[in-house]
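To start, the structure under review is shown below, and the notes come after it.
Keep in mind it's a predicted model, so treat the numbers as computed, not measured. One is the number of the first residue; the rest follow in order along the sequence.
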Amino acid sequence: MFLRITPFLSLPYSSWGISLCVFAYYNDNYVFLILVVCLIAYHLLFAMFVWSYWKTIFTLPMNPSKEFHLSYAEKELLEREPRGEAHQEVLRRAAKDLPIYTRTMSGAIRYCDRCQLIKPDRCHHCSVCDKCILKMDHHCPWVNNCVGFSNYKFFLLFLAYSLLYCLFIAATDLQYFIKFWTNGLPDTQAKFHIMFLFFAAAMFSVSLSSLFGYHCWLVSKNKSTLEAFRSPVFRHGTDKNGFSLGFSKNMRQVFGDEKKYWLLPIFSSLGDGCSFPTCLVNQDPEQPSTPAGLNSTSKNPENHPFPAKPLRESQSHLLTDSRSWTESSANPGKGKADLISNPNLDT
């Protein structure tokens with residue numbers, strides 16, 4: 001894919017870098033310093049555009065970890081059970097210690113027959129890649145890759161830098177485009193390159209601006225493209241804003257806590273892609289009320305191969321609230337530690 005797109009990347013580079021700059025220098029008596037500044041700005045945008053595009057293409061989509069795959073015994077049991085309540089009971093037992101809080105439209109456990117695994121929250125099966133992709137957004141033909149948890153930041157930066165790249169070319173080419181129609185350009189081969197550059201840059205700028213604006217809106221709401229078309233279903237029902245934590249925290253979910261990495265195509269997203277913080281008002285009736293880091297589903301937490309909590313340690317601070325935790329005694333007669341409940345979390 002990258003080899004096929006290389007000619008399209010080199011064409012505007014050669015047209016702008018050679019034809020336009022040489023033409024401007026010898027015909028408009030450009031100040032040399034201004035021309036150097038334009039060349040530096042152009043190459044900086046071009047480098048960031050190619051870097052982010054490269055990372056989007058060659059970053060492999062992340063798949064669910066082994067904890068979400070059924071064991072051999074569970075697979076055999078599932079094959080013997082007919083579709084229905086017995087089938088769901090097997091999946092419920094397999095998923096009881098997994099941090100999953102979304103369901104199908106019918107309220108069933110989300111299970112992939114192709115990959116034979118229980119789908120983590122926001123995970124979907126890509127029919128093109130034939131794999132389950134963590135926090136899948138869409139399969140992009142322009143990059144010939146699935147856009148998901150591992151490369152969504154790179155995809156956003158690719159849209160941003162490609163838009164800036166096209167706007168820069170159109171802006172620097174505009175005056176010569178006007179001169180072309182007013183017969184102010186000398187009759188040279190370079191003027192056809194100028195025409196091509198302006199038309200291509202202007203058209204791509206329009207399409208990229210709408211696409212980039214749409215994905216900025218998705219980031220602000222902490223949604224994927226799939227979730228924008230079909231709202232996630234939780235145990236208590238459908239909630240289109242179930243994963244939204246507020247604008248600032250939604251941005252940090254994708255770009256991370258360290259702002260120095262926000263504009264660089266370097267992975268800095270929070271979490272592991274298997275579990276995500278939620279901000280649901282309704283308490284989950286099937287789960288005990290526990291904060292992140294406290295496991296009350298078993299007397300011996302060490303028996304769990306996967307932590308039975310919705311947040312990873314790197315994410316737990318996202319839902320820090322100014323309100324204090326309210327304490328309630330789980331079993332005071334036996335002298336056990338009190339459990340702490342937070343009514344704002346779906347645990």
Side-chain angles (χ1 to χ4, degrees), residues 61-65 67-68 88 91-92 94-115 117-127 131-139 146-153 155-156 214-247 249-254 269-287 289 292 306-312 315-316 318-319 342-347:
M62 289 182 63
N63 310 119
S65 55
E67 288 82 4
F68 291 90
Q88 276 297 301
L91 293 177
R92 276 195 290 267
K96 66 178 181 178
D97 295 331
L98 297 177
I100 55 173
Y101 301 93
T102 54
R103 296 291 185 266
T104 64
M105 295 298 293
S106 62
I109 298 290
R110 299 173 64 242
Y111 177 74
C112 180
D113 293 308
R114 297 278 296 179
C115 301
L117 57 82
I118 296 172
K119 293 181 182 179
D121 293 342
R122 315 184 80 174
C123 174
H124 298 275
H125 187 88
C126 176
S127 58
K131 294 179 182 178
C132 282
I133 308 299
L134 294 180
K135 196 186 176 183
M136 179 178 172
D137 188 87
H138 67 287
H139 186 93
C146 256
V147 177
F149 176 76
S150 61
N151 61 351
Y152 186 62
K153 177 191 173 183
F155 177 74
L156 281 174
Y214 174 68
H215 278 277
C216 286
W217 177 80
L218 291 178
V219 172
S220 68
K221 299 296 183 181
N222 202 0
K223 293 181 179 181
S224 65
T225 300
L226 295 176
E227 291 166 351
F229 284 96
R230 177 178 292 180
S231 300
V233 180
F234 295 85
R235 294 190 183 107
H236 71 275
T238 302
D239 194 325
K240 64 179 182 180
N241 295 317
F243 293 107
S244 182
L245 310 173
F247 179 78
K249 295 172 182 177
N250 291 342
M251 289 284 292
R252 286 154 56 192
Q253 281 282 291
V254 176
S269 302
L270 298 181
D272 59 0
C274 291
S275 64
F276 298 89
T278 60
C279 199
L280 303 180
V281 176
N282 296 334
Q283 187 68 29
D284 187 354
E286 297 183 13
Q287 292 289 327
S289 299
F306 201 86
K309 57 183 180 181
L311 309 181
R312 290 291 183 270
Q315 295 176 319
S316 58
L318 285 175
L319 297 183
N342 180 2
N344 291 326
L345 298 182
D346 174 51
T347 52

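Side-chain N or O atoms of Asn241 include none that pairs as donor or acceptor with a backbone N or O of Lys221 at under 3.5 Å. Within the 3.5 Å criterion, the main-chain N or O of Cys132 finds a donor-acceptor partner in the side chain of Asn63. No donor-acceptor pair under 3.5 Å is formed between the side chain of Arg235 and the backbone N or O of Tyr101.
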field: Evaluation steps, side-chain contact (heavy atoms from CB on, under 4.5 Å), between Thr104 and Lys119
entry: CA-CA 10 Å; Thr104 64; Lys119 293 181 182 179; over 6 Å; no

Kindly determine whether Gln253 and Leu245 satisfy side-chain contact (heavy atoms from CB on, under 4.5 Å), including the steps that lead there. CA-CA 9 Å; Gln253 281 282 291; Leu245 310 173; 4.3 Å; yes

Quiz item: Does the pair Cys274 and Leu134 meet the rule for a side-chain contact (heavy atoms from CB on, under 4.5 Å), with working shown?
Solution: CA-CA 7 Å; Cys274 291; Leu134 294 180; 4.0 Å; yes

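The side chain to side chain donor-acceptor pair (under 3.5 Å) search around Thr225 returns Asp137, not counting sequence neighbours. Every residue meeting the side-chain contact (heavy atoms from CB on, under 4.5 Å) condition with Phe247, not counting sequence neighbours, appears here in chain and number order: Ser220, Met251. Residues that satisfy the ring-ring contact (aromatic ring centres under 6.0 Å, His included) test with Tyr152, not counting sequence neighbours, are His215. A search for side chain to side chain donor-acceptor pair (under 3.5 Å) contacts involving Thr238 returns nothing, not counting sequence neighbours. Listed by chain and residue number, Asp130 satisfy the salt bridge (charged side-chain N to carboxylate O under 4.0 Å, His left out) test with Arg114 (two or more places apart in sequence, or in another chain). In this structure Ser244 satisfies the side chain to side chain donor-acceptor pair (under 3.5 Å) test together with Asn250, sequence neighbours excluded. For Lys135, the side chain to side chain donor-acceptor pair (under 3.5 Å) test picks out no residue, with sequence neighbours left out. Under the side-chain contact (heavy atoms from CB on, under 4.5 Å) criterion, Ser127 pairs with no residue at all, not counting sequence neighbours. For His124, there are no ring-ring contact (aromatic ring centres under 6.0 Å, His included) partners at least two apart in sequence or on another chain.
The two residues Phe149 and Ser269 come nearest to each other via the heavy atoms CE1-CB, 4.4 Å.
Annotation: side chain of Gln88 is not in contact with side chain of Tyr111 (no heavy-atom distance under 4.5 Å). A 4.5 Å side-chain heavy-atom check between Ile109 and Arg103 finds at least one atom pair inside the cut-off. Residues Arg122 and Asn222 form a side-chain contact, since some pair of their non-hydrogen atoms from C-beta on lies under 4.5 Å apart. In this structure, Cys126 and Met136 have side chains that are in contact, with non-hydrogen atoms separated by less than 4.5 Å. Using a 4.5 Å heavy-atom cutoff, the side chains of Phe243 and Thr102 are in contact.
Rounded to the nearest 0.5 Å, atoms CG (Asp97) and CD (Glu67) are 11.0 Å apart.
Note: Phe229 and His138 fail the aromatic proximity criterion, with ring centroids not under 6.0 Å apart.
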